[in-house]
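Shown next, in structure tokens, is the structure this report addresses.
Excluded from the calculations below are hydrogen atoms, water molecules and symmetry mates; all remaining heavy atoms, backbone and side chain alike, are included. Numbers here simply count residues along the sequence, with the first being 1.
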Amino acid sequence: MEASTVGSVLAPLPGRCAFYVTKKKRYCKMTVGRGKTFCGEHANAGEDNEKKRIPCPLDPKHTVYQDHLAKHLNKCNSKEKPQPRYYVKDINAGTGSEGEAIVEISIADRTKEELDELIVKLKTALQGLNTQIVENTLSHTALNEALNDPKNGDSASKHLKQQASILGNMEALKLLSPDRCYIEFGAGKGKLSHWIHVALKASENVHFLLVERSSTRFKVDGKHKNADSTFDRLQVDIQHLDLNLALRCLFECIRKDEDEPPTKRVKLQQEEGASDETKPREGLVVSGMAIALCCHHRCDWRHYVGKEFFRQRGLGPKEFAAFQRMSSWATCGMKKFSSEMPEQLNDHKTEEVEEHEIDEESITDTLSSVMSVEDREQIGRLCKLLIDQGRVHYLKQRGFESSLKYYTSRDVSLENVLLTAVPSSNQKTDESKLNTNST
């Protein structure tokens with residue numbers, strides 16, 4: 001069904017909401033009731049609306065009819081739920097001493113002299129480090145058919161190339177093999193686990209644990225309910241996840257009843273007492289990891305694992321806060337790409353642009369007048385590199401061989417760096433233990 005055009009703006013589709021969403025430059029696509037002009041979310045936009053809608057007190061991102069509020073609060077998805085046993089508040093949040101309290105200063109409030117001083121500190125901190133990131137764009141046969149599907153749109157094709165390269169890099173590190181549990185953090189729809197499952201379809205004793213804090217629609221792990229591999233999903237923020245306990249709960253339940261469906265197993269563990277005492281934890285045996293790095297502008301000093309690395313270079317939370325904000329300059333091209341998209345494509349903005357929202361306050365008119373876009377992007381990439389080098393340092397201190405690689409080209413994604421780690425050669429006999437309850 002195609003929308004008609006009024007002037008240069010797409011008119012609302014038949015049976016859809018007539019509210020114009022200025023930010024998205026299109027009309028709302030929600031369906032409307034019989035005889036209605038607006039959907040429930042935008043009912044207040046109508047002059048003849050009979051009922052008043054108010055923001056939900058549990059989550060102001062959505063609204064509810066005022067006279068239905070009591071009923072809505074009982075079933076709202078944002079209602080706090082009983083926490084599972086493996087939920088331990090702030091277990092992975094790190095620590096921050098009182099002496100390291102950070103006074104946030106936006107880039108817009110900094111003078112040119114202050115920015116110049118920060119850039120000098122940044123370049124000085126990078127001296128002596130290996131700042132050359134190796135190009136390592138690979139692929140994997142498991143995605144050949146999907147990559148060559150003529151029905152792929154531009155966004156789908158880019159995501160498939162990224163996933164294929166991640167699998168290719170994992171295979172190069174010998175991380176794709178049976179008798180393993182693969183844990184996908186920030187799993188979303190679970191597509192990376194899906195492709196690992198396809199790559200290992202002939203293997204035995206393979207488990208997948210998908211961790212995602214949001215409630216996600218169209219999850220692909222649901223397609224594998226009857227597969228030989230075991231798929232389980234935990235809805236919890238990594239910040240509060242005791243992974244050791246979660247895995248122990250999961251595998252104890254598997255041993256208890258092999259015939260129980262995976263989703264039922266996890267649900268059972270969530271319903272058991274959240275206040276049970278946990279046994280002393282041992283570090284997990286980690287065979288390796290691959291992390292597609294992004295969103296450095298959302299990092300937080302308290303959560304950052306490279307504090308020691310920063311302090312060794314005379315840097316602290318103030319510099320980290322500045323570099324974290326300046327890192328968004330590296331993806332200025334995303335903003336340009338978004339603005340240059342044809343209106344009909346901008347209508348459903350690519351996942352790439354939506355997921356990596358740019359910190360617009362960090363790109364001021366004053367800054368634009370003293371620094372070119374190219375220079376800003378270069379400084380932004382150096383900020384990301386310094387933050388990532390702190391992560392590499394942290395992993396090396398814990399017995400891993402870690403490196404940064406460009407796993408795809410910048411025309412596929414501006415966030416194109418992959419951090420990989422495997423146990424160092426002198427520890428490979430027992431692999432390596434990583435305390436998952438560290439920051």
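Remark: H140 engages no residue in a ring-ring contact (aromatic ring centres under 6.0 Å, His included) (not counting sequence neighbours). Take Y407 and apply the ring-ring contact (aromatic ring centres under 6.0 Å, His included) test, not counting sequence neighbours, and it matches no residue.
Salt bridge status for R233 with E212: absent, with no side-chain N to carboxylate O gap under 4.0 Å. Checked for salt-bridge contact, E415 and K384 meet the test: a charged N lies under 4.0 Å from a carboxylate O. By the 4.0 Å N-to-carboxylate-O rule, E308 lies too far from R313 to be salt-bridged with it.
In this structure, K396 places its NZ atom where only 12 or fewer heavy-atom neighbours from other residues, nucleotides or ligands lie under 6.0 Å away. The number of heavy atoms from other shown groups lying within 6.0 Å of CZ (R213) does not exceed 12. Within 6.0 Å of atom NZ in K161, 12 or fewer heavy atoms from other residues, nucleotides or ligands are found, so the atom counts as exposed in its surroundings.
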Is there a side-chain contact (heavy atoms from CB on, under 4.5 Å) between Y182 and V206? Walk through the geometry before answering.
CA-CA 8 Å; Y182 291 89; V206 179; 4.0 Å; yes

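At a threshold of 4.5 Å between non-hydrogen side-chain atoms, the residues S139 and S165 do not count as touching.
Considering every non-hydrogen atom in both A321 and Q324, the closest pair reads O-OE1, 3.2 Å.
In summary, the aromatic rings of H197 and H207 are positioned with their centroids too far apart to meet the 6.0 Å limit.
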